[in-house]
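The model shown is predicted, which means the values in this text are computed figures rather than measured ones. Residues take their numbers from the sequence shown, with the count starting at 1.
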Amino acid sequence: MASYPASVLALLAAVGLGNSVAQAQTAANSGWSERGMFVYDDFVVDFRQGLEGSWLETRPLEDCSTSEVYCASGAAFRVVIPRFCQEIAVGDEWTAAGVTTKVLGREDHPLSPHRSAEVTWFLGDPVQPGVVYEYEPHNGIVALYRPNNGDFDFVGMAQDGRLTAFKRERMSDWRIRVHYKGLVSFDPAGFCQER
């Protein structure tokens with residue numbers, strides 16, 4: 001029997017699941033992307049099906065986007081980001097449909113061959129300390145930090161500047177790497193648009 005990476009299994013599981021109410025909620029309405037599905041390693045965000053999760057567990061996901069912001073409300077994937085490009089600073093926040101996202105910190109990448117953006121912003125909500133999003137305005141949400149066992153305060157680490165060092169120093173440790181989930185699907189998730 002062939003062995004497949006967890007991200008492939010999660011994608012196949014998400015595609016195979018159906019939810020007739022959520023299917024009526026299309027990505028075209030929200031503008032997250034044409035396909036409305038994003039895969040972060042083994043974690044799937046599927047607006048067409050109205051589901052988030054991995055091959056182990058899926059949960060409901062609501063697209064709460066407006067004409068001004070992209071918004072997702074799920075158990076783990078709860079985020080609001082601006083639909084249109086704007087200046088961003090640490091401390092900024094956006095709210096829609098009871099979901100709040102705060103700019104927690106930044107990571108600079110001057111002339112990095114590994115990143116297409118000069119700055120990556122760390123976004124999150126102190127109410128949900130175990131989840132932080134890496135956001136590049138023209139690329140959208142490029143990664144998320146999400147612990148498998150819920151015992152990391154990634155929000156606190158982003159706020160006090162420890163998240164960048166944590167990532168650089170410990171990403172070679174597989175026990176830490178499983179918490180970092182990079183975007184592996186084709187569409188950018190919530191990139192900003194020019195007005």
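- Inter-residue side-chain proximity for Ser65 and Arg83 is flagged as met; some heavy-atom pair is nearer than 4.5 Å.
- Rounding to the nearest 0.5 Å places CG of Leu144 at 6.5 Å from CZ of Phe43.
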TODO: Given side chain to side chain contact (heavy atoms under 4.5 Å, CB included), test Phe152 with Val132 step by step and report yes or no.
DONE: CA-CA 10 Å; Phe152 277 87; Val132 166; over 6 Å; no

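- Separation of atoms CD (Glu93) and OG1 (Thr101) is listed at 9.0 Å; rounding is to 0.5 Å.
- Hydrophobic clustering (ILVMFWY, side-chain heavy atoms < 4.5 Å, transitive): Val79 and Val119 are in one cluster.
- Expressed to the nearest 0.5 Å, how far CZ of Phe154 lies from CG of Leu163 amounts to 7.0 Å.
- For the atom pair CG of Asp41 and OG of Ser54, the computed distance is 12.0 Å after rounding to the nearest 0.5 Å.
- Placement of Phe186 and Phe77 in two distinct hydrophobic clusters is found when ILVMFWY residues are connected by side-chain heavy-atom separations under 4.5 Å, directly or transitively.
- Gln49 and Asp46 share no donor-acceptor pair across their side chains, judged by distance under 3.5 Å alone.
- In this structure, the side chain to side chain contact (heavy atoms under 4.5 Å, CB included) partners of Glu57, at least two apart in sequence or on a different chain, are Arg59.
- Rounded to the nearest 0.5 Å, atoms CG (Leu183) and OH (Tyr133) are 13.5 Å apart.
- Val90 and Ile141 fall within a single hydrophobic cluster, where Ile, Leu, Val, Met, Phe, Trp and Tyr are joined by side-chain heavy atoms under 4.5 Å apart, directly or via other members.
- Put simply, the side chain of Glu62 never gets that close to the backbone of Cys71: no donor and acceptor are under 3.5 Å apart.
- What you find for Tyr180 and Ala143 is that their closest heavy atoms are OH-CB, 3.4 Å.
- Residue Gly124 comes nearest to Leu104 through the heavy atom pair N-CD1, 3.5 Å, listed as atom of the first residue, atom of the second, then distance.
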Open item on the list: Pair Val155, Gln128 - check side chain to side chain contact (heavy atoms under 4.5 Å, CB included), show working.
Closed with: CA-CA 8 Å; Val155 167; Gln128 193 178 23; over 6 Å; no

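- By the salt bridge (charged side-chain N to carboxylate O under 4.0 Å, His left out) test, Glu68 pairs with Arg195, sequence neighbours left out.
- In this structure a side-chain-to-backbone donor-acceptor pair under 3.5 Å is present from Glu52 to Ala76.
- Residues Phe122 and Ala158 approach most closely at CB-CB, 3.9 Å, considering heavy atoms.
- Applying the side chain to side chain contact (heavy atoms under 4.5 Å, CB included) test to Pro60 and every residue at least two apart in sequence or in another chain returns nothing.
- One finds the OH atom of Tyr145 at 4.0 Å from the CD atom of Glu134 (value rounded to the nearest 0.5 Å).
- Two rings, from Tyr135 and Trp121, have their centers 6.0 Å or more apart.
- Between Cys85 and Glu194, the shortest heavy-atom contact is SG-OE2, 3.4 Å.
- When every heavy atom of Glu34 is checked against every heavy atom of Asp187, the shortest pair comes out as N-OD2, 4.2 Å.
- Here the side chains of Val99 and Trp94 are not in contact, with every heavy-atom distance at 4.5 Å or above.
- Distance alone, capped at 3.5 Å, is enough to place a donor-acceptor pair between the Arg48 side chain and the Arg35 backbone.
- Between Phe191 and Tyr70 the shortest heavy-atom distance is O-OH, 3.1 Å.
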